[in-house]
Amino acid sequence: MNPNKYQRTPTPDLPNRQWPNNHLSKAPIWVSVDLRDGNQALANPMTVEQKLALWDQLVAMGFKTIEIGFPSASEPEFEFTRRLIEENRIPDDVTVQVLVQAREHLIARTYESLIGVNKAVIHVYNTTSIVQREKVFEKSKDEIKAMAVQGAKWVQEYAIKADQTHPGSEWVFQYSPESFSQTETDYAVEVCQAVMDVWQPTPDNKCILNLPATVESTSPNRFADQVEYFISHLPNRESALISIHTHNDRGCAVAAAELSLLAGADRIEGTLLGNGERTGNMDIVTLAMNLYSEGIDPQLDLSKPNDWIPVVEQVTQIKTHMRHPWVGEVVYTAYSGSHQDAIRKCLLKQDDNQKWNVAYLPIDPKDIGRDYEAIIRVNSQSGKAGSAFVLEQEYGLNLPKWIQIDFASTAQKLAEKQGGIVSHKDLYQAFTRHYGCDEKRIDVNNFQLKLDGEIEKLSLDVDGETWTGEGNGTISALCDAWQQRTGQNVDIIDYAEHAVHMNDDDSGKNAKAIAYFYLQVDNEKKVSVAIEKDSLSAMILAVLKGLKT
Ligand SMILES: [Zn+2]
């Protein structure tokens, strides 16, 4: 590698930049370019049917402007445009946008593709960057500006012609100085101003100036400088919507777009999940969710990724990375015990009436249709907190700390044996098996309890033998009965019991009770668990299990 081979992209000097002090308070105007830029980047471009499927999805998600393609470039692109119009697939509040080079016959063909449309954005562009001017087009600055002006004139002339032959369509003009990020910003202002001089936009009838980082070649802060410089030096800024179109060559397309909004941009072009040329377009999902996570309504419905991700994956043939920001399969999953423990504690304290404030979870996964089952997975790194969390969230078991510790090695062995993640069901089965909750090992009958003054007198048949004992409560009378029979001293170190709703196959939800006991029998510590129809039965059985096993 040889860093001397490369140079910094020049950006304007902006000592009084304002954007670092600004805050976002609302969503930008979103433009999906999935069907155009996204499609252009595919090894196998979308079929018309695939484009229609993606179009329906984009409309359903709430995009109000959708760039649909390059209708003058190929027959399928032309046909797709015609089908949207002729099959009345464009809702009244949705505007189609079409891209065209600044060449007369292509502009003429573009208007032909749009006959009968309610409203369309005609997006014309030519490249303005230094490298393209000097090496690709071999044209001077003035010649390149003349191309832009000529393109703007044709766009306007053919709009007038279209109105004469097929009146009733509304046209919005958009110009992109392509490769804006690698163009001298002063010169970009000069070219855009010349285009505005042709179009004569007003604050009520704005044109759109779209500033592309066709290739991302600076850090996001310097791109924001370029945008702020452009906006603050553009005469008639109030007659133009400033649009941003970033690519992800340096991995900062979202950051560059976000900072551009601080620098005053109004509108953002991008694609779902960032498909696009080379490293992709700006990912609209990420930027919209960034805003959402700070309490700003993104004005897009991203709540059902399980609906729209498969459509995007099907048409692009690109799988979504499991760690994709906000929507990747495992992004709300904590594998490590300390993270799981922190999440569990925060979720228990999270009140629906308060702002979301949970460690390691920047948003509530439920907002985008993820449930808590996906959050915590038990593996060999989870420790006791992970299994406690799952048993609590999924099965309603509030395990006392000493049960968590007692059960941890069983969960750990299960994870190691299964070589990775333990399913919630397997974990629950391991728990009930470990504590013998499903088997009737002890037979208890003829339970009787009489109060004699302060003293409870207990009598019951255990496995065919009659036990008697006394104490200041049922459990102490039971321990006394054991002591009388065996001579062993019994202490209750701690216990807990609570109601639990079991899912029985035949009767549906079924309320039962679970009891957990921590006993000391002579010098031996024992932990036992029982699930029974009521809390007294569960407690008696748990103690007996602790004593007899
Ligand atoms: Zn692009």
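Both ligands and their constituent atoms are indexed starting at 1 by order of listing.
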Can you list, pair by pair, the side-chain donor-acceptor contacts under 3.5 Å of residues 186-206, counting residues two or more places apart and other chains?
from   : atom 1 : to     : atom 2 : distance (Å)
Asp186 : OD1    : Tyr229 : OH     : 2.7
Asp186 : OD2    : Tyr229 : OH     : 3.3
Tyr187 : OH     : Lys141 : O      : 2.5
Tyr187 : OH     : Lys145 : N      : 3.4
Glu190 : OE2    : Lys145 : NZ     : 3.0
Trp199 : NE1    : Ala152 : O      : 3.0
Gln200 : NE2    : Asp197 : O      : 2.7
Thr202 : OG1    : Asp204 : N      : 3.4
Thr202 : OG1    : Asn205 : N      : 3.0

Query - Heavy-atom pair with the smallest gap, counting every atom of Ile363 and Met289 - result: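 Closest approach of Ile363 to Met289, heavy atoms only: CD1-CE, 3.5 Å.
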Query raised in the report: Do you know the tightest heavy-atom contact between Leu287 and Ala257?
Result: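 Closest heavy-atom pair between Leu287 and Ala257: CD2-CB, 4.0 Å.
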Under 3.5 Å, side-chain donor or acceptor atoms of residues 24-32 against the rest of the protein: list the pairs with distances, not counting sequence neighbours.
from  : atom 1 : to     : atom 2 : distance (Å)
Trp30 : NE1    : Pro298 : O      : 2.8
Ser32 : OG     : Asp34  : N      : 3.3
Ser32 : OG     : Asp34  : OD1    : 2.7

Query - Total protein N/O/S atoms whose distance from the Zn ion (ligand 1) is less than 2.8 Å - result: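 The number of such protein atoms is 3.
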Query raised in the report: Hey, what's the ring geometry for Phe230 with Phe180, parallel, tilted or perpendicular (30° and 60° as the breaks)?
Result: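 Phe230 and Phe180: perpendicular rings.
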Query raised in the report: Thr81: what forms a side-chain hydrogen bond (donor to acceptor under 3.5 Å, both in side chains) with it, not counting sequence neighbours?
Result: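 side-chain hydrogen bond (donor to acceptor under 3.5 Å, both in side chains) list for Thr81, sorted by chain: empty.
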